[in-house]
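Quick note on labels: first sequence line is chain A, next is B, and so on, each numbered from 1.
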Number of protein chains: 2
Amino acid sequence: MISNIAELIADRIGTMPASERRAAQTLIANYPMIGLKTVAEFSAAAGVSSPTILRFVSRLGFQNYPEFQSSLQDELAAQLQSPATRTLNPPSPGGGTVSPMLEATLDNMRETFRHLSDKQLADIAARLADRRGKTFLIGGRFTDPLARYMAAHLAVIQPNVFHLAGQESMWRDRLIDMGKRDVLVIFDIRRYQNSLVRFAEKAHQRGVQIVLFTDQWLSPIARFARHVIAGRTAVPSAWDSSAALFVVAETLIGAVTRQLEAEGAKRIREMESLR
Amino acid sequence: MISNIAELIADRIGTMPASERRAAQTLIANYPMIGLKTVAEFSAAAGVSSPTILRFVSRLGFQNYPEFQSSLQDELAAQLQSPATRTLNPPSPGGGTVSPMLEATLDNMRETFRHLSDKQLADIAARLADRRGKTFLIGGRFTDPLARYMAAHLAVIQPNVFHLAGQESMWRDRLIDMGKRDVLVIFDIRRYQNSLVRFAEKAHQRGVQIVLFTDQWLSPIARFARHVIAGRTAVPSAWDSSAALFVVAETLIGAVTRQLEAEGAKRIREMESLR
DNA sequence: CAAAATACGTAACATACGGTACAGCGCTCC
DNA sequence: GGAGCGCTGTACCGTATGTTACGTATTTTG
């Protein structure tokens, strides 16, 4: 079974005329980057003419050059999705139900944080730590618990943190309390919920700053969001995993806490004395 | 020092107008593949117009789109050369808030699962999949969202799943519905809550099987529990992390789902049709 | 050794792509 | 409330890019 273009070339290079073989060799030598450049560059690098490159990709079975490039890109994307571990760690011979799930989850987290800069998190944390406005949190069918989790922590270290629970009509009415200085944290992964999208839009219209936790395909809410956190969710299970988003949430909670250190500590002590 | 485009974006995303920010977000979410496609495809994916994409890359300091693409390709090529330096966000020596937190969390998970056997998880999953009894879930101050998360999923694939919410008196009254065939899933990490301990004890007296999610120091509820899952919670933050427990929960959800495959699938379809 | 077939590059071509001008709109700031 | 500015998309343009036709060179075969 031939699964990638490199193998395909190795398979057919024997049947190719001299110039096309040179094209094949240059591609293999600079795989796959040279194939993503223009025909002209490719041909120059291989020391052959453009038509030769085109005949070459055509011989590989592609209709045209762009199609060939797309194929290379897909291959590359698949590679980038699964970082080193996938190829390094054989899928744990024990074949338990645990390992694959755990491995995938760990990968998801690494991958999620790879796309997340310190600066971005710091920005969001600063926004959440800004005490001039209120903070609202809400989530979808399966992600609402994440919103609750975050709300539970934030509420300890600062006032004016509200988790929007209950019926849609309930939180819709809260819109009236929201304004420019306020922040709305939304969790929404596939399948995206229309009610949330509508809500986000209305909040956005009121000038509320939206922080969105979503999956890599981006909820439509991204359209209205000031900050978007895209977590990986794919695991070998019937369900998507929110674990990566959960960890991002915890990281943010930690960052906000640090920023509010001084006042937060006082507040926590005060709260303890009340319990 | 900014060494790659992703960082560059993170650095400047704050200064960008809304539409360009959307472009930036979609690029980060699908980094870097989207940037290698045509302007038209990129713009479509981001839901903005082509000129916005061009303004976006121009704002990043590139003369034109092809130059931007070349830059992405170079970056990609460098990555492919040395798999070791794969990381987008280098371990930020400046004491970034991200890395230590993520590393600790990943360690926690590995450590948690190291002490968890396939058999143990399978047993618990079997118990939860047993449809003869009811399943109740509850958590503490910060962990209740985990109970909710688990309940939300389990409730989709089987009947008689109940999350115990609200006041203590509320769930105490539910004790009367609980018996030998029922399962009570409790989340309790430091600082352990007396109310939960009392509740667990009473449930235990009624013969309810308790599945406890706790930290490595074991909540006193472990005394009454049939199954104990001890997750690592230590992270460099003011708070404990529930992430490891979260992942165990997801793993369990997956396992139960697999066990109830047949009936579960039917149920899910039925539920879809109701929505 | 001749004739045919194949391989290869040059040059002309069409189009899809990146780029730009401009107008409408919303927002902010007097 | 009005003027100004900045953002964004539509429509159009020039061109770089992939593609094709064709003629020459090279190899193959009888």
Side-chain angles (χ1 to χ4, degrees), chain A residues 5 9 12-27 32-73 179-182 201-210 220 222-226, chain B residues 5 9 12-27 32-73:
Chain A
I5 297 181
I9 292 172
R12 304 207 184 162
I13 198 170
T15 74
M16 295 181 187
S19 287
E20 292 182 34
R21 198 170 312 154
R22 290 185 62 187
Q25 283 158 351
T26 11
L27 177 55
M33 300 316 294
I34 198 85
L36 298 178
K37 302 194 183 290
T38 67
V39 175
E41 286 178 279
F42 190 171
S43 67
V48 299
S49 69
S50 322
T52 300
I53 299 297
L54 296 174
R55 280 188 285 263
F56 163 65
V57 305
S58 144
R59 191 182 299 265
L60 290 178
F62 296 98
Q63 290 298 320
N64 48 33
Y65 195 70
E67 183 183 306
F68 159 75
Q69 287 189 317
S70 300
S71 197
L72 276 180
Q73 284 189 13
K180 288 189 215 303
R181 350 200 80 169
D182 301 329
E201 181 168 13
K202 296 213 185 81
H204 173 67
Q205 282 164 2
R206 296 186 62 88
V208 178
Q209 305 228 2
I210 295 180
R223 190 188 181 80
F224 314 115
R226 180 64 169 267
Chain B
I5 297 182
I9 292 172
R12 306 207 182 163
I13 198 170
T15 74
M16 294 182 187
S19 285
E20 291 181 35
R21 201 153 46 213
R22 287 182 62 192
Q25 284 157 353
T26 25
L27 175 57
M33 300 317 292
I34 262 281
L36 298 178
K37 302 197 185 288
T38 66
V39 174
E41 286 177 279
F42 190 171
S43 68
V48 300
S49 68
S50 326
T52 298
I53 299 296
L54 296 175
R55 281 188 286 261
F56 164 65
V57 304
S58 143
R59 191 181 298 264
L60 290 179
F62 297 98
Q63 290 299 323
N64 49 34
Y65 195 71
E67 182 183 307
F68 160 74
Q69 287 189 315
S70 299
S71 195
L72 275 180
Q73 285 187 11

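Between B/Phe56 atom CZ and D/dG6 atom P there is a gap of 21 Å when expressed in whole angstrom units. One can place CZ of B/Phe68 at 11 Å from P of C/dG19, the figure rounded to the nearest angstrom. To the nearest angstrom, P of C/dG19 lies 10 Å from CD of B/Glu67.
Residues meeting the side chain to side chain donor-acceptor pair (under 3.5 Å) test with A/Thr26, sequence neighbours left out: none. By the ring pair (Phe, Tyr, Trp, His ring centres under 6.0 Å) test, A/Tyr65 pairs with A/Phe68, sequence neighbours left out.
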Assess whether side chain to side chain contact (heavy atoms under 4.5 Å, CB included) is satisfied between B/Val48 and B/Phe56, documenting all intermediate values.
CA-CA 11 Å; B/Val48 300; B/Phe56 164 65; over 6 Å; no
Where do A/Gln69 and B/Leu36 land on the side chain to side chain contact (heavy atoms under 4.5 Å, CB included) test, with the steps shown first?
CA-CA 10 Å; A/Gln69 287 189 317; B/Leu36 298 178; over 6 Å; no
Contact letters for nucleotides 8-18 of chain D, in which S counts primed atoms plus P, OP1 and OP2 and B counts the base, heavy atoms under 4.0 Å:
BBB------SS
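Nearest-nucleotide positions on DNA chain C for A/Lys180 and A/Thr15 put A/Thr15 closer to the 5' end.
Rounded to 10 degrees, the angle between the two end axes of the helix from C/dC1-D/dG30 to C/dC30-D/dG1 is 30°, with five pairs used at each end.
Rounding to the nearest 0.5 angstrom, the gap separating the CG atom in B/Leu72 from the CG atom in B/Leu27 is 6.5 Å. Separation of atoms CZ (A/Arg226) and NE2 (A/His204) is listed at 10.0 Å; rounding is to 0.5 Å.
Applying the salt bridge (charged side-chain N to carboxylate O under 4.0 Å, His left out) test to residues at least two apart or on different chains, none of the pairs has a partner in residues 36-47 of chain A. Legend: salt bridge (charged side-chain N to carboxylate O under 4.0 Å, His left out) pairs involving residues 59-72 of chain B, not counting sequence neighbours, sorted by first then second residue: B/Glu20-B/Arg59.
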